[in-house]
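Take a look at the structure set out below.
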Amino acid sequence: MRLVTWNVNSIGARLDRVLAWCEEHQPDLIGIQELKCTDDAFPHDAFSHLGYISYTHGTGRWNGVALLAKSSVRDVTKNLNAQPLYEDTTEPRAIACTFKDVRVWNLYVPNGREPGHEHFAYKLEWLKSLKETIHAELNEYKQLVVMGDFNIAPTDDDVWDIKDFENSTHVTVEERNALAKVLQLGLVDVMPRSLKGKPFTFWDYRALMFQKAMGMRIDLVLATDTFKSRIQDIWIDREERKLKGGSDHAPVVVDFE
DNA sequence: ATGGCCGACGAAGTCGGA
């Protein structure tokens, strides 16, 4: 079976690429982030032609997450338990489902903008609510995966050069501690295999960052030990990031069972 | 040392991304 997480940076702008990728790589379940479209505007038909049922959670211009499955799934959940608001709205950043015997959470963690920003405090609150949600889920599910764009580089090795990250988000002690609290519930950050170079999942569009190998590992797959033991391979499709008209994030592919 | 791109919205320029 094949499970994938991918921040597509607008499903509207990326539709042809995402369809082509799915056709070539045949994920059984793919979680995508940053839809930038409403549930109504989501291209359900285009995916159903490829055999996917799409479960979407999007409200428009920003954010948005979806799960696309080759077979029907159960217990679709949107939002975290007691998810904090941002500017009085519950943003569409979390969706979960039960796929066969595996519980899968697909996340788009808030960016944080800069340390000290209101959005940074929101990011930490959001991660706290993620911890509480996953804590509750672990009572029910042993085969659990929490994946998506975490907007956190877990260690200094997960960025091209930590010296370039002074006063930056994604690498602060606060963010890493908030992630560590989720892991302490009984999950492991499963390290993906890179097809070339360091196992980065994101390269900024600007300044030839991809060509200079200046990336970050911020798209993560967290798994319980019982699910991790079923993983045969986990790898980053950097080839997709190379292509013209691609997302700035690469798909992370989990082959299991 | 700095900035360098891209997408949505909407029709120019601003915001968000990380």
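A, B, ... follow the sequence lines: proteins, then strands. Residue 1 opens every chain.
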Taking the [atom1] atom of each, how far is [N] from [M], in whole Å?
| N | M | atom1 | answer |
| --- | --- | --- | --- |
| B:dG10 | B:dC15 | P | 15 Å |
| B:dG4 | B:dC9 | P | 24 Å |
| B:dA18 | B:dG7 | C1' | 15 Å |
| B:dA1 | B:dC6 | P | 26 Å |
| B:dA8 | B:dG3 | P | 25 Å |

Same cluster or not: are A:V104 and A:L144 linked, directly or through other Ile, Leu, Val, Met, Phe, Trp or Tyr residues, by side-chain heavy atoms under 4.5 angstrom apart? no
Looking at A:E240 and A:R17, does any basic side-chain N land under 4.0 Å from a carboxylate oxygen? yes
Checking the side chain of A:T201 only, and the main-chain atoms of A:A250 only, is there a donor and an acceptor separated by less than 3.5 Å? no
The answer to which of A:K212 and A:G245 contacts DNA chain B further toward the 5' end, by nearest nucleotide, is A:K212
Taking the six-membered ring for Trp and the full ring for Phe, Tyr or His, determine whether the centres of A:F165 and A:H170 are under 6.0 Å apart.
no
5' to 3', nucleotides 12-18 of chain B under a 4.0 Å protein heavy-atom cut-off (B base, S sugar-phosphate only, - none) gives ---BSBB
d([atom1], [X]; [atom2], [N]) in whole Å:
| X | N | atom1 | atom2 | answer |
| --- | --- | --- | --- | --- |
| A:R17 | B:dG7 | CZ | P | 13 Å |
| A:N167 | B:dT2 | CG | P | 12 Å |
| A:K244 | B:dC6 | NZ | C1' | 12 Å |
| A:L35 | B:dA8 | CG | C1' | 14 Å |

For A:L124, the other hydrophobic cluster members (4.5 Å side-chain criterion, sorted by chain and number) are A:F120
Show which side-chain atoms of residues 61-71 of chain A pair as donor or acceptor with protein atoms under 3.5 Å away, not counting sequence neighbours.
residue	atom	partner	partner atom	Å
A:N63	OD1	A:R93	NH2	3.0
A:K70	NZ	A:Q26	OE1	2.9
A:K70	NZ	A:L50	O	3.2

